[in-house]
Amino acid sequence: MPDDNMENVHMVTCTAPVNIAVVKYWGKRDEDLILPINSSLSVTLHQDQLKTTTTVSTSKSFREDRLWLNGKEEDISQPRLQSCLREIRRLARKRRNDDDPDSDSTSLSHKVHICSINNFPTAAGLASSAAGFACLVYTLAQAFGVEGELSAVARQGSGSACRSMYGGFVQWIMGQQLDGKDSLAQQVEPETHWPELRILVLVVSAERKPVGSTSGMQTSVQTSCLLKHRAESVVPGRMVAMIDAVRRKDFTAFAELTMKDSNQFHATCLDTYPPIFYLNSVSHQVINMVHRYNQHYGETRVAYTFDAGPNAVIFTLQQHVPDFTQAVRHFFPPETNGGEFVKGLPVPQTDISAELKQAIGLEPMPTGISYIISTKAGPGPCVVKDPTQHLLGPIGLPKYTVRHHAQEGANGVNHKIVANM
Ligand code: 2P0
């Protein structure tokens, strides 16, 4: 590529968070616009532990839109990606026409190169599509000078992505309109609202990839009358109660609603025909352990929630983290040489009391949990100011890519990350 093109590569990098729903979204009333059958509410996790980073570059010299995910080039023609790109370009065009009809809008016709990475393994089973689409939409908006409400665009990438457009405690209001313009995410409280709240992601060692959310929820909508009942008669009241519990920082109410909603979501999966199983024996052991733990102390100190996979996400208050983590370590003894068991926010080690061990009384499941990510509520998407953090180099190609090797290594890994510049 000639040198004179290089200076015209415009680049922006942003990060976006993962969110965990405490009132779950499951089921669409419109598959194309991604409109849900019920409202939902989530907690945005801190980006110090879990985030997606995306660089978008635009240039007159690019011949086509291109996308790299975690170092590998992907097909950009996927309909949901195309919806997000089309919507951002439409909003950019509208903004320029409204603001200044004579403005030069040539850059709108420029092609984009997009490069995105997660700082957590996709294998951890965390909702990478939520952080991924939130980051894509936020970064594209920065690149094309679009401001204002963007959750409706992120929603068209992946439903849960709309909630990752804000920090703290976020509701996705299902809306009523056919065009989906009122199906938006809204911050209920910022991340600073409840500083004692802590989140532990218990990463379960899963053998198989579970049924994907998009097809799973389609089958549930078609076959589960429990899902219909949940959406019409349970979630509306639960949203009001959950928002109230968050605003009052009432941990007992928050925890009980969270556990009941997770259990009802998994009950709708079992009520789906054929049934969908996301929980495994480790998940069941975590559920039992949490209830016996709370019962032992005579108060609700800990809550669990599970999404479309076996990993447990635990909510608790800062003062209970060391004691509960020690109980997890006891009932799910980690591999002795398997690296650090607790990643993220440091957790002081304590001893488990003989009384607690006896009260929980479960048979330990060695290596059932691979590791714990210790985190808290965090902010929404951010712009990365440091230009050395761009994932694309000066001519708009990834700085790092994954190269595949024909020969597979002993550990089953047949790729390596290579620096391109
Ligand atoms: C949630 N989940 O509220 C629920 C709880 C999983 C269980 O949103 O088809 O990846 O892209 O809209 O958002 C996962 O579904 O599905 C999800 P699409 P999405 O977080």
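Computed from a prediction, not measured in an experiment: that's the story for all the values here. Remember, it's 1-based here, ligands and their atoms both numbered in the order they're listed.
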Is there a polar contact, in the sense of an N or O pair closer than 3.5 Å, between Asn19 and ligand 1?
no
Could you name the option among Phe133, Trp172, Phe265 that has the heavy atom nearest to atom 7 (C) of ligand 1?
Phe265
Option of least heavy-atom distance to atom 1 (C) of ligand 1 (set: Arg163, Met217, Lys24):
Arg163
Is the closest N or O pair between Gly159 and ligand 1 shorter than 3.5 Å?
yes
Hey, would you say the Phe315 and Phe254 ring centroids sit under 6.0 Å apart?
yes
Residues that Glu363 engages under salt bridge (charged side-chain N to carboxylate O under 4.0 Å, His left out), provided they are two or more places apart
none
Tell me, please, which residues at least two apart from His291 pass side-chain contact (heavy atoms from CB on, under 4.5 Å).
Met259, Ile287, Tyr304
Please check whether Tyr25 reaches ligand 1 - meaning an N/O of the residue sits under 3.5 Å from an N/O of the ligand, judged on distance alone.
yes
Just how far is it from atom CG of Leu67 to atom CD of Glu74, taken to the nearest 0.5 Å?
6.5 Å
With a cutoff of 4.0 Å, is Arg155 in contact with ligand 1, counting heavy atoms of the residue only?
no
Would you say Ser40 has any N or O atom under 3.5 Å from an N or O of ligand 1, going by distance alone?
no
Using ring-ring contact (aromatic ring centres under 6.0 Å, His included), reason through His110 and Phe62 one step at a time and then give a plain yes or no.
CA-CA 7 Å; His110 289 180; Phe62 295 165; 8.7 Å; no
